[in-house]
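Heads up, the thing below is written out as structure tokens.
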Amino acid sequence: MNESLGKHYDAAAAYEKYYDAWEAAGCFKGKPQQPGPTFTMVIPPPNVTGSLHMGHALNNTLQDILARYHRMDGYNTVWIPGTDHASIAVHWVLEREFKKEGTNRFDLGRDEFLKRAWAFKEEAENNILTQLRALGVSCDWERKRFTMDEGLSRAVRECFVRLYEDGLIYRAQRLVNWDPVAQTTLSDLEVIHEEGADGELWSFAYPLADGSGEIVVATTRPETMLGDTAVAVHPDDDRYKSIIGKMIKHPITGREFPIVADAILVDPEFGTGAVKVTPAHDPNDFEVGVRHKLPMINLLNKDGTFNENGGPFVGLDRFEVRRAVKEKIESLGLDRGTEAHKMNIGRSERSGTVVEPMLSTQWFVKAKPLAAPALAAVENGFTKFVPTQWENTYYAWLRDIRDWCISRQLWWGHQVPAWYDDEENVYVGHSEADVRTKHALGDDIKLRQDPDILDTWFSSALWPFSTMGWPDKTPELARWYPTATLTTGFDIIFFWVARMMMMGQYLMGSVPFKDVYIHALIRDKNGDKMSKTKGNVVNPLEMIDKYGCDAFRFTLTAFAAQGRDMRWDENRAEGYSKFVNKIWQAFRFTMSHIGDVEPSELQKFPAAETDSMYNRWIRHKLREAILQYGTSIKEYRFNEAANSIYHFIWDELCDWYLELVKPALYGKAEHGEATKLGVQQTLYLVFHSLARALHPVMPFFTEELWAQLPATEGYIMNATMPKPEDFASEHEAAKEIDFLQSTIVAVRRVRAEFGVPVKENVEVLVRTDASSWETMASHSVALSNLAKATMKALDGGSVPEKSATEVVTDTELFLPLEGLIDFAAEKVRLEKDLKKLDKEINGLRKQLGNQKFLNRAPNEIVADKKSQLSDAEGRETRVKAAIERLS
RNA sequence: GGGCGAAUAGCUCAGCGGUAGAGCGCCUGCCUUACAAGCAGGAUGUCGGGAGUUCAAUCCUCUCUUCGCCCACCA
């Protein structure tokens, strides 16, 4: 026995032993020049602010399984890693630090801020990448990219310029989402709509300028009345027809503005049927403002305080103004009451503050023209979502897409490649020099670059090709684009997947990936989303520590059923760590019994004369497991892949095969020493195959097996996947062993129920046909070892009166257990069996008596049912006879 | 207001029209020289309710109930 085979597998030691060694040996390296079909993936780049969470763990484990599987299956495989600069998230982290230091980014200034940001990035990136390695991911680290690398920044500028020149990027004054805490715009996707918040609908009266009366309006945001430039009513509303066109005098600012008729905005049934219009702070009102050419009064400073348009409330925060306005109006006698009102509030995804719609000049991507090909690509099947249900989500968003605000008033990110002269003319280009050349601007003209940066997702959208060197024409792009599979969570289908689809087709002319595998969300045990604030976060690194990386990965894999969220259950991880141990123990056993064979001999397929029914059977089962495993992985049914192997190893290899071949290994088999070699060769074949098959799921563990297994060379990931063709189908062996198993189980059942001492041998009388008896006799050693039973043919003799009975298909087993059996109990037991049989028989008879069934069901189903029935009937007769004998 | 998903053993969940499964937990008996991180045996289910399609439904269709989630500019 190999000295280094410890009693237990040491997962942490295996990580130490292998991870860096794999990398150093270039195992993960993608080589574009290598032949073969390609399998390419780009990692969803984790934020540099992040630390490894369960989502990452699942996502990257599944990707690693795909990468390792395809690498061993003959594909030219590469998995490109990297990180995302996560603009607003980094700002958020740094701002908190600044606050502790009693400063802020504006006091520090842009240059100092960026220094700090880069320093932070270096440290944080290192952290997340180290954690990813602990998972065992086989990324090509030499190709690691960061979204703000020079190459990727160049890609961003190139993309921006092209879109601009094609008229797909424009600069305009629009109503945007403003985060007054982070002090930047946000895209629509970064605003989280909080449903059903308790709010109030407050009504107040606007006096008409001519003193002829008032008009009552309602609002959930009282402070916006300072920016009202109209009140709208429905043109057909008789209540207001006469006052359309009249002026209102603002009770606080004194401005005068009109009552307008607008059929689009106003629902005469709602409230008073009159709507206050604040074009600079409400999307609907903005449209009204455009339609009626109303002035648009911006009320807010960047930090959410009121600007000079706020009349008496200049400098106050928006929420203070809300209270102040209500008080003022009340004091003027214009308050018309409040009522409770469920409302939706838009909050900033990052800062959590209430987002203000605000009029502002920003850069936008014209989305519709880009969305059309992205939609068509999925409709036409060039890119497939797995599970397909996500295609609906994708369609819905793209069909209704609106322009994308891409400029942010932040500093960490890609600065907008646009320059302005003193007259505010805009020049877009790759650099200031480029702009000067292109537009023939003399040195006398001063240019300043747009201070804003781009939405982080703008650079992420280029990830599948910017990581491969675009816009240059690189060998990588030629060989590896488009990628095979993108694996990600549903929460970024819009943010990322859809945008990569748009940019991929726009810039590369083809989809960025063939498959999009959307994995489920891991929730906590109660089904709640894991979050730091709830304190229910499970740390994957802790799980790795506790159960070992291989068991943890296996757990995630076994959890990964398609299309459904999963609740994390640590019991499962514990269970699978036992599974790892189970394999280890079986392997130790195997190793202790194959050591005396020359490796060259071990590697041979068993010759006919040394082979056995047990070997044929286990190879048949292995073939089935591997077939299922490969298909499952290719179809992204990871849980099925895990289960097929689990079942094979535990329920077939360990529970039966190893037990069945022990006599042969000990030289006690019925066929003598001759069968030993065949068993050793089969054991070798089984472990040699299993290790390779399991490698994608359990990389470290299988490497350890590989290292111990004789006659293996190099690292296991350089070996190839076992194929079903490596083993023949052995249906006869399967049938025979099935019969043997049923017999053993039947004897064990009787033994257990009647408390026959474990070590006591029992004699079993068998009534059956000649060929079944012959089969049974050939397994006498197995029956003796596994059932502690000595089988004797009844041979026309009479059935012993005092015996327990079991029926296995057409074979009857009688166990004369004089003195042990409580015959009343045996009768009860048999009657229970009979009841079950009756139910089965009735069902089958009914079905087979149905002419329609006979006519319409497929022949093999009918034949199957018939044999089931005759089998059941046979057993029924025999069970009945047994009951008779006891009466 | 739209859209999507889920409901299966005590718990967490698989289940690809043809006699209901796994892990954990539970009961009984075992330290059998690979494994007590184990072995053998056992119990537990109107597959959420109702209707339909089908020879046949846990699976397909409709409907109801109960939970999730996503999208959406109603004052």
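All heavy atoms count here, side chains included; hydrogens, waters and symmetry mates do not.
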Give [X] one of three labels, base, sugar-phosphate or nothing, depending on what nucleic acid heavy atoms sit under 4.0 Å from its own.
{"X": "A:Leu854", "answer": "nothing"}
{"X": "A:Arg402", "answer": "base"}
{"X": "A:His341", "answer": "sugar-phosphate"}
{"X": "A:Asn785", "answer": "nothing"}
{"X": "A:Val580", "answer": "nothing"}
{"X": "A:Gln851", "answer": "nothing"}
{"X": "A:Trp650", "answer": "sugar-phosphate"}
{"X": "A:Asn639", "answer": "sugar-phosphate"}

query = Does the side chain of A:Phe638 come within less than 4.5 Å of A:Phe559's, by heavy atoms?
reply =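 Side-chain contact under 4.5 Å: no.
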query = Quick one: does A:Thr590's side chain get under 4.5 Å of A:Arg588's, heavy atoms only?
reply =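 Counting from C-beta outward, A:Thr590 and A:Arg588 never come under 4.5 Å.
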request  = Take A:Phe257 and A:Tyr206, measure what ring-ring contact (aromatic ring centres under 6.0 Å, His included) needs, and give me the verdict at the end.
outcome  = CA-CA 11 Å; A:Phe257 54 86; A:Tyr206 267 134; 5.3 Å; yes
inquiry  = Closest-nucleotide mapping onto RNA chain B: is A:Asp400 or A:Asn581 further toward the 5' terminus? I mean the 5' end.
reply    =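 So the residue in question is A:Asn581.
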key: Residue whose closest nucleotide on RNA chain B lies nearer the 5' end, A:Ala396 versus A:Lys852   =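 Of the two residues, A:Ala396 wins.
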Residue [X], side-chain heavy atoms: nucleotide from [options] that is nearest:
{"X": "A:Arg567", "options": "B:C13, B:C70, B:C4", "answer": "B:C13"}
{"X": "A:Arg748", "options": "B:A43, B:U12, B:A40", "answer": "B:A40"}
{"X": "A:Phe494", "options": "B:C71, B:G41, B:G5", "answer": "B:C71"}

message = Between B:A72 and A:His193, is there a base-stacking contact, meaning the centre of the base's six-membered ring lies under 5.5 Å from the residue's ring centre while the planes stay under 30° apart?
response =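 By the stated criterion, A:His193 and B:A72 do not stack.
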[atom1] atom, [N] versus [M]: distance in rounded Å?
{"N": "B:G41", "M": "B:G5", "atom1": "C1'", "value": "40 Å"}
{"N": "B:U63", "M": "B:C11", "atom1": "P", "value": "30 Å"}
{"N": "B:A20", "M": "B:G68", "atom1": "C1'", "value": "26 Å"}
{"N": "B:C24", "M": "B:C39", "atom1": "P", "value": "10 Å"}
{"N": "B:A57", "M": "B:G18", "atom1": "C1'", "value": "10 Å"}
{"N": "B:C13", "M": "B:U32", "atom1": "P", "value": "38 Å"}
{"N": "B:G23", "M": "B:A14", "atom1": "P", "value": "16 Å"}
{"N": "B:U8", "M": "B:A22", "atom1": "C1'", "value": "13 Å"}

Is a salt bridge present between [X] and [Y], judged by a nitrogen-to-oxygen distance below 4.0 Å?
{"X": "A:Glu806", "Y": "A:Arg875", "value": "no"}
{"X": "A:Asp188", "Y": "A:Arg402", "value": "yes"}
{"X": "A:Arg221", "Y": "A:Glu356", "value": "yes"}
{"X": "A:Glu574", "Y": "A:Lys546", "value": "no"}

query = How many angstroms lie between atom OG of A:Ser577 and atom NZ of A:Lys582, to the nearest 0.5 angstrom?
reply =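 Rounded to the nearest 0.5 Å, the OG-NZ separation comes to 13.5 Å.
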Could you state the atom-to-atom distance from [atom1] of [X] to [atom2] of [N] in whole Å?
{"X": "A:Leu848", "N": "B:A56", "atom1": "CG", "atom2": "C1'", "result": "12 Å"}
{"X": "A:Tyr394", "N": "B:C69", "atom1": "OH", "atom2": "P", "result": "26 Å"}
{"X": "A:Trp656", "N": "B:C35", "atom1": "CH2", "atom2": "P", "result": "20 Å"}
{"X": "A:Arg751", "N": "B:G42", "atom1": "CZ", "atom2": "C1'", "result": "17 Å"}
{"X": "A:Ile744", "N": "B:G41", "atom1": "CD1", "atom2": "P", "result": "10 Å"}
{"X": "A:Arg399", "N": "B:C4", "atom1": "CZ", "atom2": "P", "result": "12 Å"}
{"X": "A:Phe495", "N": "B:C70", "atom1": "CZ", "atom2": "P", "result": "12 Å"}
{"X": "A:Phe579", "N": "B:C35", "atom1": "CZ", "atom2": "P", "result": "18 Å"}

Searching all strands shown, indicate the nucleotide that pairs with [N] (Watson-Crick or G-U wobble; both distances under 3.5 Å).
{"N": "B:G1", "result": "B:C71"}
{"N": "B:U61", "result": "B:A51"}
{"N": "B:G38", "result": "B:C30"}
{"N": "B:C16", "result": "none"}
{"N": "B:G45", "result": "none"}
{"N": "B:G10", "result": "B:C24"}

Proximity of A:Phe552 and A:Tyr547 rings by center, below 6.0 Å =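 Distance test on ring centres: not under 6.0 Å, no.
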ask   = For the ring pair A:His593 and A:Tyr666, is the centre-to-centre distance below 6.0 Å?
value =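 When the ring centroids of A:His593 and A:Tyr666 are compared, they turn out to be within the sub-6.0 Å range.
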request  = Scan nucleotides 18-34 of chain B nucleotide by nucleotide, 5' to 3', and note B when protein non-hydrogen atoms come under 4.0 Å of the base, S if they reach only the sugar-phosphate, - if neither.
outcome  = BB---SS---------B
